[in-house]
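Any value given below was found using the heavy atoms of this structure, including those in side chains, with hydrogens, waters and symmetry copies removed. Convention: sequence-line order gives letters A, B, ...; per-chain numbering from 1.
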2 protein chains.
Amino acid sequence: MNMMSAKPPTSVSEVDLDVLENTLSFYIRTVNIAVSRDLDDRLEGLDVARGTGKITTLLLVDSHPGIRPSVIAQLILKDRSAMGKLVDQMEGHGLLTRSVSAEDSRALELYITPKGAELAEKVRGLVTRQSADFFEFIPEDEQKQLMDILRRAYRRIAGLS
Amino acid sequence: MNMMSAKPPTSVSEVDLDVLENTLSFYIRTVNIAVSRDLDDRLEGLDVARGTGKITTLLLVDSHPGIRPSVIAQLILKDRSAMGKLVDQMEGHGLLTRSVSAEDSRALELYITPKGAELAEKVRGLVTRQSADFFEFIPEDEQKQLMDILRRAYRRIAGLS
DNA sequence: AAAAAATAGTTGCATTTGTCCACTATCGGG
DNA sequence: CCCGATAGTGGACAAATGCAACTATTTTTT
């Protein structure tokens, strides 16, 4: 296959992507890079930039006081180890506090701090706007389709629904 | 909002995702984690696991002999520096060779080795199968929609089309 | 009631990865 | 011939990820 590729391409527009052209996971992976980068730019200096999980953790602790690290870990697809480091970091930034659960002394309960709550509110706006802006060139209805499908995928992966 | 959260959730199914529930970029980011992990598992020990770009690079060098690092870099959304390291690594594994271009002595031309070609062929199958398997629970037509939309997004991002 | 298994979290480590920045070499246009 | 843009390299460095071992506690078995 692909017998003739006469001259080596010197510009992206001359290139075809081989089998990746029809590989869903390729597009997920590349679009993810772009979307994450753009998001990081907007979170510049906000204590919650870089890596996956900080945002979700912040919002969940804010809206579910007392939630456990292990529950969040499942939702952001991290192991307890990674989650622990995330919590350390965020506690260090004064965004949340941890205390041992009364019912189960193995478990922790996470609570938001005033500073964390403030950031959470700011981040809600930022994140929503970012996603809207980034995918703005896609028609509304297609965005909806896309999200419906990906939501199902996510729920399946995270063991929800 | 979210006035009552009575008891802290102790199980994922009791949690709602706050604004992330309706945030496209959240789903892209999480589904990406799962897809990439699954892919890595299948590439176990294959010289081409981990990180983005190795697969694309391998396939492109194989199907576009003489292609330049900078062209690939654009397609995988990396800077020249990161691309260089990728090429180093793959050359080190004996998957490709680099030589200075005759027309432009600033530029390199990348060529596949027999070992690289063999791996490329194996990877084509693997990657295609992986994507199909992973998204198998999504109906065919929805997969198509999803891919159409993401392809457009990608092409826009990478500066194609 | 004792033992075994499962669960929550911590810690340290090794590996990667991506990024930033400065530097060289070359090409192309005025 | 000079200047700005382009291709690639090399090094330093901050983060992120994943793994495995270890403690403490709860739950299940026998």
Rounded to the nearest angstrom, tell me the gap between atom CZ in B/Arg106 and atom P in D/dT9.
14 Å
To the nearest 10°, give me the bend of the helix from C/dA1-D/dT30 to C/dG30-D/dC1, comparing the axes of its five terminal pairs at either end.
30°
By the 4.0 Å heavy-atom rule, please label B/Lys85 as base, sugar-phosphate, or nothing.
base
Step by step, work out the side chain to side chain donor-acceptor pair (under 3.5 Å) result for A/Thr10 and B/Arg68.
CA-CA 7 Å; A/Thr10 53; B/Arg68 299 179 181 180; 5.6 Å; no
Could you work out which one of D/dT9, D/dG18, D/dT25 sits closest to the side chain of B/Arg50?
D/dG18
Answer yes or no: is there a side-chain heavy-atom contact under 4.5 Å between B/Ser25 and A/Gln130?
yes
Taking for each residue the nucleotide of DNA chain D bearing the nearest heavy atom, is the 5' side occupied by A/Ala82 or by B/Gly84?
B/Gly84
Measure CZ/B/Arg37 against C1'/D/dA16 and give the value in whole Å, please.
12 Å
Chain B footprint on DNA chain C, 5' to 3' - any atom under 4.0 Å from a heavy atom
C/dT17 to C/dC27
Between A/Arg98 and A/Glu91, is there a side-chain N and carboxylate O pair less than 4.0 Å apart?
yes
Between the base of D/dG8 and the side chain of B/Ser81, is there a donor-acceptor distance below 3.5 Å?
no
Does B/Leu108 sit in a hydrophobic cluster with other residues, and if so which ones, taking ILVMFWY side chains as linked at heavy-atom separations under 4.5 Å, directly or through other members?
B/Val100
Taken to the nearest whole Å, CZ/B/Arg68 to P/D/dT9 is 13 Å
Hey, is the side chain of A/Ser105 poking within less than 4.0 Å of OP1 or OP2 on D/dT26, counting only N and O atoms?
yes
How close or far is atom C1' of D/dG8 from atom CD of B/Glu91, stated in whole angstroms?
13 Å
Using atom CG of B/Leu110 as one end and atom C1' of D/dG8 as the other, report the distance to the nearest whole Å.
11 Å
